[in-house]
Structures are given as C-alpha cells and as structure tokens.
**Student:** 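What follows is a structure written as structure tokens; I'll ask about it next.
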Amino acid sequence: MFRIVHKEKLSPGINLFEIEAPKIAGHANPGQFVVLRLHERGERIPLTIADNDPERGTITIVVQEVGKTTYELGTYKEGDIILDLLGPLGKPSHIDNFGTVVMVGGGVGVAEIYPVAKAMKEAGNHVISILGFRTKELVFWEDKLAEVSDEVIVTTNDGSYGMKGFTTHALAKLFEEGRKIDLVHAVGPVVMMKAVAELTRPYGIRTVASLNPIMVDGTGMCGACRVTVGGEIKFACVDGPEFDAHLIDWDELMKRLVYYRDLELMSFERWKRERGMV
Ligand SMILES: Cc1cc2nc3c(=O)[nH]c(=O)nc-3n(C[C@H](O)[C@H](O)[C@H](O)COP(=O)(O)OP(=O)(O)OC[C@H]3O[C@@H](n4cnc5c(N)ncnc54)[C@H](O)[C@@H]3O)c2cc1C
Ligand code: FES
C-alpha cells in the first residue's frame, strides 16, 4: 500500500501526487513508468514517473483527468492510500551527449519530459524544451523545465501565453533559423508526436517518442500494448515505451487507443451516477 504524501493541482484537470514508494524511488530512471491500481475493484493504469526522490523515498506522478480512473484518483487527498503501485517499468530513456536536444512536451507530456530533460542536461547536452498547451490557464512546470533546460519555449494554441500555435510550429521555427539539432524527444498526444515525427523526417533528425498504448500488466505478459515499429511487433511496456518515431505505425496506435471508447464512457458515467454527479 502506498501513501500520498503531497498533492498539488498544477492546472485545471492536472494533479501532481507525491507517493511514498521507497523501492521504486530508489530504482527509477528517466523514461520509466509505474502501473497503478487504486483499490480492490480498480483497473491497472500506466503513469510516468515524473520525478523521484530516493532520500524521501517518494515518486511523483502527474495525472490528467481523462476518464473514470484518473478522475477517481483526482478525488484522492494527502494521506490517502493507493492499493498497488508496480515499477519502475519499461526501458529507461537512452541518455547520452548528443549535442543539442529538443524536448517536446504536449499537455501532461510536459511532466513526462522533465526527468529526461534533466538527465540530458546532466549528460552535457544543450537542452531546448518546447512546452505546448491549449491555453494560458493550462500552463504548468515552465519554471521546473527552465531549471533543467538552456532554453524554454512555451506555446499555446490560442496565443494566450508564449508563442501562438502548436509545439510543431516552435520546432519548425528552430529549423527555419538553421539551428543544428541532434535529437528530438517528444511526449504528448499521439497526433502531436506523429506531427513531430513528420516534421523531423525530411531533415533526418533522430526522433524519439514515448508511446502510450493501452496497458494491462505492464510487464510483457499480454501484448495489449503492442505497437508496430519498423514493421515488427513490439510490446511498449518492455521494449519501450520509447521508440524511433520515424518507424512507428502511428495510425495503428491511434486506432488501438480508442478501441474501448464505449466501455470507458459507460464506466465513467456509472461512476459519476453512483456519486450523484450527473
Ligand atoms: C507508458 C505510459 C505512460 C503514461 N503516463 C501518463 C502520465 O504520466 N500522466 C497521465 O495523465 N497519463 C499517462 N498515461 C495515460 C494514462 O494511462 C491514461 O490516461 C489512463 O489509463 C486513462 O484511464 P481512465 O480510466 O481515466 O480513462 P478512460 O476513459 O478509461 O480512457 C481514456 C483514454 O485513455 C487511454 N487508456 C485507457 N485505459 C488505458 C490503459 N490501461 N493504459 C493506457 N491507456 C489507457 C485510452 O486511449 C482511452 O481512450 C500513460 C500511458 C502509458 C502507456
Ligand atoms: S501491457 Fe501486457 S504486455 Fe505490455
């Protein structure tokens, strides 16, 4: 059982939870995730380890409310207990001195790029972080990313803060300015990661994306998380979740992610009804 020691609302619909989990905190590397189950009747969902503190024995997750389980987690408070937390899972990010690395985070993906950006910076890279949000009130962790980046560019789709447009507009601008970029690392909505991959492809810039397929066990036993990479089937939970973005079958991933849409909506509606929310 795992206790929430700190909870913070980072922006509407996005909560940070610092959770006591000494063993995971001691072994977590950038790019890895946990599988969480709230209670006896809960499902297992994967969430990235956005930060870890081996001394405090805690890990931090940042969760966007998108459906039943993530909304239910949003109702948890400091002191509450999470039943299961399994991790660290997945392959750690490949960290090296590449030169100039552009980290692209979209929405909750901004929290997910933090540990990788930090490690990239520590490895001696020049780190440019592009953080993308829909609008100003959703912006979070600009300061935290600034601590581990040489440059930070914030974009909002509506132009209410920072540069107007998508993360890809900011990335394209770097190319137009003739900046030398050695690696692009993208985490966020699949449409964003696909767009980043298409943008860097003609330049032949090595691009890595952290994939978010449906997962169940998260340990390689079922294949629910399978993705096609370079024509081969890979299990994102053990072979990834990071892959060469130019080799990923993005359309297949998008189709598989919406496979349970009706059941997800039904389960969320029932949960809300049980609490008198609708
Ligand atoms: C490796 C990995 C790391 C992730 N890290 C984060 C993170 O740090 N923060 C964050 O907010 N989200 C993260 N996600 C996504 C998160 O797991 C889903 O948002 C969550 O499972 C949705 O559950 P739900 O019941 O609230 O919503 P639902 O209504 O059940 O689902 C909404 C959508 O979420 C996706 N989803 C549903 N169930 C799962 C599942 N078991 N596994 C994966 N995706 C699912 C589907 O696309 C679905 O359409 C990550 C996913 C993966 C695979
Ligand atoms: S989630 Fe079952 S193999 Fe990856």
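Counting starts at 1 for both ligands and their atoms, following the listed order.
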**Student:** Spell out, as yes or no, whether a donor-acceptor pair under 3.5 Å connects the side chain of Asp96 to the backbone of Phe98.
**Tutor:**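 Looks like no, no N/O pair under 3.5 Å.
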**Student:** Under 6.0 Å from the six-membered ring centre of Phe268 and within 45° of its axis: does the NZ or CZ of Lys272 meet both?
**Tutor:**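 Lys272 over Phe268 ring: yes.
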**Student:** Could you check Arg3, Lys7, Arg56 and say which one makes a salt bridge (Lys or Arg N to Asp or Glu O under 4.0 Å) with Glu18?
**Tutor:**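 The single option meeting the salt bridge (Lys or Arg N to Asp or Glu O under 4.0 Å) with Glu18 is Arg56.
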**Student:** If the contact criterion is a heavy-atom separation under 4.0 Å, does Val66 count as touching ligand 1?
**Tutor:**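 Flag set, Val66 near ligand 1.
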**Student:** Which heavy atom of the protein is the closest neighbour of atom 30 (O) of ligand 1, given with residue, atom name and distance?
**Tutor:**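 The answer is Glu264 CG, 3.2 Å.
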**Student:** For the pair His39 and Glu72, evaluate side-chain hydrogen bond (donor to acceptor under 3.5 Å, both in side chains) and give the outcome as yes or no after the intermediate values.
**Tutor:** CA-CA 11 Å; His39 49 70; Glu72 189 168 12; 3.0 Å; yes
**Student:** Provide the protein N, O or S atoms situated under 2.8 Å from atom 4 (Fe) of ligand 2; waters are not included.
**Tutor:**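 Listed by chain and number, the atoms are Cys225 SG, Cys237 SG.
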**Student:** How close do Val216 and Ala224 get, counting heavy atoms only, and between which atoms?
**Tutor:**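 For Val216 versus Ala224, the nearest heavy atoms are CG2-CB, 3.8 Å.
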**Student:** Please identify which atoms of ligand 1 are closer than 4.0 Å to at least one heavy atom of Glu43.
**Tutor:**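 Taking each heavy atom of Glu43 in turn, ligand 1 has 25 (O) under 4.0 Å.
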**Student:** Check contact between Arg44 and ligand 1, using heavy atoms of the residue and a distance below 4.0 angstrom.
**Tutor:**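 Yes, Arg44 has a heavy atom closer than 4.0 Å to ligand 1.
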**Student:** Which is closest to atom 11 (O) of ligand 1 by heavy-atom distance: Glu72, Gln64, Arg261?
**Tutor:**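 Result: the heavy atom closest to atom 11 (O) of ligand 1 is in Gln64.
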**Student:** Starting from atom 26 (O) of ligand 1, locate the nearest protein heavy atom and write down its residue, its atom name and how far away it is, to 0.1 Å.
**Tutor:**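 Ranked first by proximity to atom 26 (O) of ligand 1 is Thr70 OG1, 2.5 Å.
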**Student:** Specify the protein heavy atom at minimum distance from atom 41 (N) of ligand 1: its residue, its atom name, and the distance to 0.1 Å.
**Tutor:**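 Closest protein heavy atom to atom 41 (N) of ligand 1: Met215 O, 2.9 Å.
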**Student:** Keeping Asp158 on the side-chain end and Thr135 on the backbone end, is there a donor-acceptor pair under 3.5 Å?
**Tutor:**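 Here the side-chain-to-backbone pair does not exist.
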**Student:** Measure from atom 52 (C) of ligand 1 to every heavy atom in Pro46, Ser267, Gly42 and give the option owning the shortest one.
**Tutor:**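 Closest candidate by heavy-atom distance is Pro46.
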**Student:** What I want to check is whether the side chains of His246 and Thr200 have a donor and an acceptor closer together than 3.5 Å.
**Tutor:**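 Their side chains do contain a donor-acceptor pair, which is all the 3.5 Å distance test asks for.
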**Student:** I'd like to know if the side chain of Thr156 and the backbone of Tyr161 have a donor-acceptor N/O pair within less than 3.5 Å.
**Tutor:**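 Yes, Thr156 side chain to Tyr161 backbone: donor-acceptor pair under 3.5 Å.
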**Student:** To which of Ile45, Asn15, Leu89, Val35 does the heavy atom nearest atom 21 (O) of ligand 1 belong?
**Tutor:**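 Considering heavy atoms of Ile45, Asn15, Leu89, Val35, the nearest to atom 21 (O) of ligand 1 sits in Ile45.
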**Student:** Out of Pro213, Gly109, Pro189, who gets a non-hydrogen atom closest to atom 53 (C) of ligand 1?
**Tutor:**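 Among Pro213, Gly109, Pro189, the closest heavy atom to atom 53 (C) of ligand 1 comes from Pro213.
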**Student:** Between CZ of Arg256 and CD of Glu252, what distance do you get to the nearest 0.5 Å?
**Tutor:**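 The distance works out to 6.5 Å.
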**Student:** Go through it in stages, so that I can follow the logic: the residues are Lys68 and Glu43, the test is salt bridge (charged side-chain N to carboxylate O under 4.0 Å, His left out), and I'd like the CA-CA distance, side-chain angles, deciding distance and then a yes or no.
**Tutor:** CA-CA 10 Å; Lys68 189 236 169 199; Glu43 62 171 343; over 6 Å; no
**Student:** Of all the non-hydrogen atoms in the protein, which one sits nearest to atom 27 (O) of ligand 1, and at what distance?
**Tutor:**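 The closest heavy atom on the protein side is Gly67 CA, 3.3 Å.
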**Student:** Quick check against the 3.5 Å criterion: does Arg226 have a side-chain atom that pairs as donor or acceptor with the backbone of Gly223?
**Tutor:**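 Indeed, once roles are kept as given, a pair shorter than 3.5 Å links the two residues.
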**Student:** Judged on heavy-atom distance to atom 9 (N) of ligand 1, which of Val63, Val62, Thr48, Leu257 sits nearest?
**Tutor:**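 Looking at heavy atoms only, Val62 sits closest to atom 9 (N) of ligand 1.
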**Student:** Does Ile19 sit in a hydrophobic cluster with other residues, and if so which ones, taking ILVMFWY side chains as linked at heavy-atom separations under 4.5 Å, directly or through other members?
**Tutor:**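 Phe2, Ile4, Phe17, Ile24, Val34, Leu36, Leu38, Ile45, Leu47, Ile49, Ile59, Ile61, Val63, Leu73, Tyr76, Ile82, Leu85, which link up through side-chain heavy atoms under 4.5 Å apart, make up the rest of the cluster.
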**Student:** Please determine whether any non-hydrogen atom of Val108 lies less than 4.0 Å from an atom of ligand 1.
**Tutor:**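 Right, Val108 reaches ligand 1.
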**Student:** For atom 38 (N) of ligand 1, find the nearest protein heavy atom and state the residue, atom name and distance (0.1 Å precision).
**Tutor:**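 The closest one turns out to be Ile214 CD1, 4.1 Å.
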**Student:** Give the numbers and elements of all ligand 1 atoms closer than 4.0 Å to a heavy atom of Thr69.
**Tutor:**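 Listed by number with element: 24 (P), 25 (O), 26 (O).
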**Student:** Would you kindly say whether Ser210 and Glu242 are connected by a side-chain donor-acceptor distance under 3.5 Å?
**Tutor:**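 Distance-only check fails for Ser210 and Glu242.
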**Student:** Counting only nitrogen or oxygen atoms and a 3.5 angstrom limit, does Leu211 reach ligand 1?
**Tutor:**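 In this structure, Leu211 places no N or O atom under 3.5 Å from an N or O of ligand 1.
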**Student:** Distance to the ring centre below 6.0 angstrom and angle to the axis at most 45 degrees; does that hold for Lys144 and Tyr114?
**Tutor:**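 Yes, a cation-pi geometry holds between Lys144 and Tyr114.
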**Student:** Specify side chain, backbone, both or neither for Glu112, according to which of its non-hydrogen atoms lie closer than 4.0 Å to ligand 1.
**Tutor:**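 It is the side chain that gets close, since no backbone atom is under 4.0 Å.
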**Student:** Please find the pair of heavy atoms, one from Trp250 and one from Ala197, that lie closest to each other, and give the distance.
**Tutor:**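 Closest approach of Trp250 to Ala197: NE1-CB, 4.0 Å.
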**Student:** Which bit of Leu47 gets closer than 4.0 Å to ligand 1, counting heavy atoms only: side chain, backbone, both or neither?
**Tutor:**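 Both the backbone and the side chain of Leu47 come within reach of ligand 1.
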